[in-house]
Amino acid sequence: MFGHVFSRRTSFLVRCFHVAKKFSNPEPEDILFSALCLNLRQRRWNTLHQFSSSLTNPLISRVLREFRSSPKLALEFYNWVLRSNTVAKSENRFEASCVMIHLLVGSRRFDDALSIMANLMSVEGEKLSPLHVLSGLIRSYQACGSSPDVFDSLVRACTQNGDAQGAYEVIEQTRAEGFCVSVHALNNFMGCLLNVNEIDRFWKVYKEMDSLGYVENVNTFNLVIYSFCKESKLFEALSVFYRMLKCGVWPNVVSFNMMIDGACKTGDMRFALQLLGKMGMMSGNFVSPNAVTYNSVINGFCKAGRLDLAERIRGDMVKSGVDCNERTYGALVDAYGRAGSSDEALRLCDEMTSKGLVVNTVIYNSIVYWLFMEGDIEGAMSVLRDMNSKNMQIDRFTQAIVVRGLCRNGYVKEAVEFQRQISEKKLVEDIVCHNTLMHHFVRDKKLACADQILGSMLVQGLSLDAISFGTLIDGYLKEGKLERALEIYDGMIKMNKTPNLVIYNSIVNGLSKRGMAGAAEAVVNAMEIKDIVTYNTLLNESLKTGNVEEADDILSKMQKQDGEKSVSLVTYNIMINHLCKFGSYEKAKEVLKFMVERGVVPDSITYGTLITSFSKHRSQEKVVELHDYLILQGVTPHEHIYLSIVRPLLDRENGRP
DNA sequence: ATAGGGTTAG
């Protein structure tokens, strides 16, 4: 046994000696290099470990390059270098990483290259800027005999991280250095711009493509289609499709999927179905629907409340041999929950499990959400426990759903407790949850509790947003606690947060309601922009005080501001309310007719205001007539007012007690 | 590349 070890060791030394002898004047580094290579080839990590203290930057790079044709081994060596603490210094990491990236890209192992780049740029990693990484790659470019594909990969690493600006800088700097990224990288960048909703910038880059010598390919066309679909411009998307055909570029399934999904999202299911049916014909029989296509349509019908049609499409999907996946079930589970059939939703979960599909967090969240909406707290909490017992990841959606679900069902205390447990587990903190809690405390007039949430957010170092401040400011103003409201306002200013329109409107409303018209007016005058809510608040105040001239003035300002757009349903409700209070019932009815003609559908507030007033001051026939008219306009009656005023009248008409 | 879950302030 020992003899065996000895002979291996001897042969190793002899081989080293041979290699060394080849050089006329062997440098120590050359000997070390050969030894490293020999041991690495045999994966003798223990032996290699003895060299770890002698490793230098150039040596590491040299070994990595030596193994360019066995990237797997090179990667093992790279990882070993990173792990051995003695050389884990940042500069070493960086240079070795750059060489490794070149090798991986050269052998088309893009995912491995991307993950190294992502790590270099991530907060947990080295936190290097994309341009810094680029400079490192360029420095080692020649020695590694690399190709511009590495720059494409770096762009990709940025876009995968949602860093459009980084991708842009890399593309620009690459060009400045005399290289060029491919059209694929440019497509990646443009896709990233769309994903972060920088539509204008997308178009700018798209228009510059040609002059930079790029020829748009099917992916580019698809992005243009996507950008139109994002803005619900289906007609324009379709015309890009035809332009693509004219350019001799063949559409693929993604081209269709984007348009079909766009149609579904705008609720145009007819168009979606047309496209689905004509995909073959429109593509010279080259393209047929895949799971994404079917799932988009299924989801479209689910959201439109047409489960019957969604199920029919699922039937088509199965018939055409496309397997249902998690997304298919996700859409259906959500729809059954929405329709109040949580049992069926849970049955579908069993079905997917039996097919080997995983019921993931998104699907669980759907179920929990709809159970809460139904008021089935027990059911919701038991599904949540089920998630826990299955070690299912709880995400910020789950948190928001549970916190809101508990609050809206009156379990605010329990929601706070849930939130506290989340904080303890150090899961992702979501401001929305805290804001929701504050909102419910404010609604229940428990301002001290809301304030406590604010305090705990500060303690946890969470950044507060405009909604956090706005909720409290509005709450205190409504309670008449002007001082505390102003304190919070000052706090916001001290934290360098700019109050937004909602907060200003809230203040204007609060001051007016406290009878501080002068102060309210001062705030209004200081406001740079005003919106419908501002005007509605002012209109309501002036009508309340009987200042018709001022009201008239505000109305004409509103019409000037944004044309008709700034006159809203609320505006009409305010006018109707005050006309009724003045006893001008016929005028109120005129306003009602006027708004209906403008295509503004009255709501239950309109209904309640008019019916209440008419029942006090007009004949019963007039009340019933008004009710019928409103129903005809598609108004949902105010439940309480319908039951207490209108139904008794209708019953009497029909001879019922 | 394209498809899923939530919504908190006037």
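Reminder, nothing fancy here: chain letters follow the sequence lines and each chain counts from 1.
When heavy atoms are screened at a 4.0 angstrom cut-off, A:Tyr369 is found touching the sugar-phosphate backbone but no base atom. Among the atoms of the strands shown, base atoms are found under 4.0 Å from some heavy atom of A:Thr361. Residue A:Asn500 is classed as a base contact, given a heavy-atom separation below 4.0 Å to a base.
In this structure, the ring of A:Phe256 has its center less than 6.0 angstrom from the ring center of A:Phe241.
Cation-pi geometry between A:Arg201 and A:Tyr168 is satisfied (NZ or CZ under 6.0 Å from the ring centre, within 45° of the ring normal).
Taking only side-chain atoms of A:Ser366, from C-beta outward, the nucleotide of B:dA3, B:dT8, B:dG5 with the closest atom is B:dG5. Listed nucleotides B:dT8, B:dG6, B:dA3 differ in distance to A:Asn435; the shortest reach to its side chain belongs to B:dT8. Closest contact between the side chain of A:Val254 and the listed nucleotides B:dT2, B:dG5, B:dT8 involves B:dT2. When each of B:dA3, B:dA1, B:dG4 is scored by its nearest atom to the side-chain atoms of A:Asn252, the top-ranked nucleotide is B:dA1. Ranking B:dA9, B:dG6, B:dG4 by closeness to the A:Ile401 side chain, first place goes to B:dG6. The nucleotide whose nearest atom lies closest to any side-chain atom of A:Glu326 is, among B:dT8, B:dT2, B:dG4, B:dG4. For A:Tyr226, taking side-chain heavy atoms from C-beta onward, the closest of the listed nucleotides B:dG4, B:dT8, B:dA3 is B:dA3. Here the side chain of A:Thr471 is nearest to one of B:dG5, B:dA9, B:dT2, namely B:dA9.
Residue A:Asn365 forms a side chain to side chain donor-acceptor pair (under 3.5 Å) with just one option from A:Asp334, A:Thr398, A:Asn360, and that option is A:Thr398.
Taking the six-membered ring where tryptophan is involved, the planes of A:Trp203 and A:Tyr206 are perpendicular, since the angle between them exceeds 60° and thus also 30°.
OP1 or OP2 of B:dA1 has at least one side-chain nitrogen or oxygen of A:Arg156 nearer than 4.0 Å. At least one side-chain nitrogen or oxygen of A:Lys265 sits closer than 4.0 Å to the OP1 or OP2 atom of B:dG4. In terms of phosphate contacts, A:Lys230 brings no side-chain nitrogen or oxygen within less than 4.0 Å of OP1 or OP2 of B:dA1.
In the interface, the side chain of A:Asn295 is not paired with the base of B:dG4 through any donor and acceptor atom under 3.5 Å apart. With hydrogens and angles ignored, a donor-acceptor pair closer than 3.5 Å exists between the side chain of A:Asn222 and the base of B:dA1. Within 3.5 Å, no donor on the side chain of A:Asn365 pairs with an acceptor on the base of B:dG6, nor the reverse. For a distance-only test at 3.5 Å, the side chain of A:Asn325 qualifies as a donor-acceptor partner of the base of B:dA3.
Between the P atom of B:dT2 and the CZ atom of A:Phe241 lies a distance of 19 Å, rounded to the nearest Å.
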